[in-house]
Every structure is written in C-alpha cells, then in structure tokens.
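Please read the structure below before turning to the comments.
For ligands, and for the atoms within them, numbers begin at 1 and follow the listed sequence. Computed over heavy atoms, backbone and side chain alike; hydrogens, waters and symmetry mates excluded.
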Amino acid sequence: QLNAVIFDLDGVITDTAEYHFIAWKQLAEELGITFDRAFNEQLKGVSRMESLERILALGDQADRCTMAEKEALAHKKNEHYKQLIARMTPDDLLPGMLDLLRELKRQNVKIGLASASKNAFTVIERLQIGAYFDTIVDAAKVKNSKPHPEIFLTAAKQLRVDPSTCIGVEDAQAGVAAIKAANMFAIGVGDKEALKEADYIVETTADLTYDAIVRAFYR
Ligand code: B16
Ligand code: MG
C-alpha cells in the first residue's frame with residue numbers, strides 16, 4: 001500500500017542547481033579557481049561544506065584554508081545564494097510537479113520533503129507549495145548526509161508511515177542510494193545509467209504523473 005511520497009528538492013521540485021552554480025562560480029572566481037557547469041553536476045545533492053571542499057580540491061587549495069576560513073567562504077556563498085533564491089516564484093516549479101502534488105493530496109497520499117539544503121524552507125515558501133507538505137526534513141535536522149538513509153527515515157517517521165509503504169524521488173545517485181537504504185521504492189529523475197539503482201526511472205519530471213508512479217509502485 002502506498003502511504004507517502006517523499007521528494008528531494010533540488011532537481012526534483014525545482015532547479016535550484018542553477019542558482020547554486022552561479023553562487024559557487026562567483027566564489028570560485030574570487031579564489032582563482034576555474035569552475036564550469038560539468039563540475040557543478042558533481043555537487044548535486046552534496047552538502048554545502050562538502051561542495052566547498054570539492055571546489056577547493058579542484059583548485060589544489062584544499063590545505064590552504066583553516067576551518068574558520070572555510071566557514072567564512074561557505075557563509076559567503078550562502079549569502080549570495082540567498083539573494084538569488086529570494087527572486088524565485090511559482091514559475092520555478094519543474095514541469096508537472098504542481099499537478100503531481102495536487103493529485104497526491106486528492107488521493108490522500110502523504111507528502112514529505114527530504115532535502116540536503118538548509119534553505120529548503122525558503123525555497124518551498126517562494127514556490128508557494130508549503131501547504132502540500134505534511135513534513136519537511138532538511139539538512140539542519142539530520143546528522144548524516146545522503147547516501148545515508150537518515151533523512152528519508154526521519155521523514156517517514158514524522159509522517160508515521162512504514163518506509164516500505166513510501167516512494168522516494170531523487171535526481172542524484174547518492175539520493176537514490178539513500179532511498180534504497182531506507183527500504184523505500186526509489187524513483188530516479190534523470191540519467192538512466194547514473195540512476196540505475198532506482199526501481200523506476202523517468203527522464204524528466206514531466207513524466208512523473210500520479211498514474212505512472214502508482215503503476216510502477218504496484219507492479
Ligand atoms: P544549502 P537537495 C542540495 O539540495 C543541492 O543539490 C546541493 O547542490 C546543495 O549543496 C545542498 O542541497 C546544500 O544546500 O547550501 O542550501 O544548505 O538536492 O538535497 O534538495
Ligand atoms: Mg537533488
């Protein structure tokens with residue numbers, strides 16, 4: 001029985017990856033590190049600090065900074081990112097997502113959010129979809145990052161549903177791994193090869209209809 005669908009935020013509900021890219025790129029340039037879109041792909045679903053570590057490593061500057069300096073750099077990136085997401089509107093929802101949220105509500109399926117972003121609440125508010133969510137678990141509430149299942153398990157617990165009755169939706173490989181480790185049905189959005197661990201894969205969110213995911217779950 002399907003009791004809940006738990007969504008990742010960036011790459012599933014909206015494309016905040018572009019704003020993360022702009023904010024990281026500016027910071028990287030200030031540090032003299034060349035940073036492109038291809039590298040940004042590797043940061044999807046990765047926490048803020050871990051992303052910074054990877055960018056510093058890219059520029060061979062991993063050992064140059066003290067912990068306090070790293071905190072300051074991460075803070076600076078986040079201030080820029082916050083300015084960018086302040087301009088988001090409901091138009092930034094990915095194709096099909098509003099219809100899916102509506103239909104899940106109509107069918108009494110619970111809805112959760114499991115995002116590695118500490119800005120998840122703000123983004124949900126800007127998209128004006130807060131009312132659809134029965135629970136929101138963000139990075140501030142969990143100790144372990146994806147692929148650890150903690151964030152998805154916490155969402156299921158707060159929804160009072162058994163993980164085996166949940167669908168998790170993710171665009172990142174580490175996210176799909178987290179869903180599987182939580183013993184949930186995993187839906188991947190994006191590349192078939194990268195997300196091959198998922199139980200069901202769609203190319204884009206436009207294919208994420210209520211009928212399609214229910215059919216896949218009960219198959
Ligand atoms: P913040 P998700 C992730 O969101 C992003 O994909 C990743 O690029 C970002 O670094 C991470 O959140 C942390 O975000 O700096 O706002 O705390 O895909 O888990 O929804
Ligand atoms: Mg994501």
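In terms of modelled atom types and a separation under 3.5 Å, the side chain of Q61 and the main chain of L31 share a donor-acceptor contact.
Annotation: side chain of L43 is in contact with side chain of F35 (closest heavy-atom distance under 4.5 Å). Between M97 and F7, the closest side-chain pair of non-hydrogen atoms falls below 4.5 Å.
Between K76 and E79 no salt bridge is recorded (no basic side-chain N to carboxylate O distance below 4.0 Å). Using a cutoff of 4.0 Å between basic side-chain nitrogens and carboxylate oxygens, E41 and R37 are not scored as salt-bridged.
A side-chain donor from one of D162 and S164 sits under 3.5 Å from a side-chain acceptor of the other.
In terms of heavy-atom proximity, K143 sits nearest to E150 at N-OE1, 3.1 Å. Closest approach of G188 and V176 over heavy atoms only: CA-CG2, 4.4 Å.
Ring geometry for H20 against Y81 counts as parallel: the plane angle stays under 30°, on a 0 to 90° scale with 60° as the upper cut.
The protein residues lying under 4.0 angstrom from ligand 1, judged by non-hydrogen atoms, are D8, L9, D10, H20, L43, K44, G45, V46, S47, R48, S51, K77, Y81, S115, A116, S117, K118, N119, K146.
The set of protein atoms (N, O or S) found at less than 2.8 Å from the Mg ion (ligand 2) reads D8 OD2, D10 O, D171 OD1, by chain and number.
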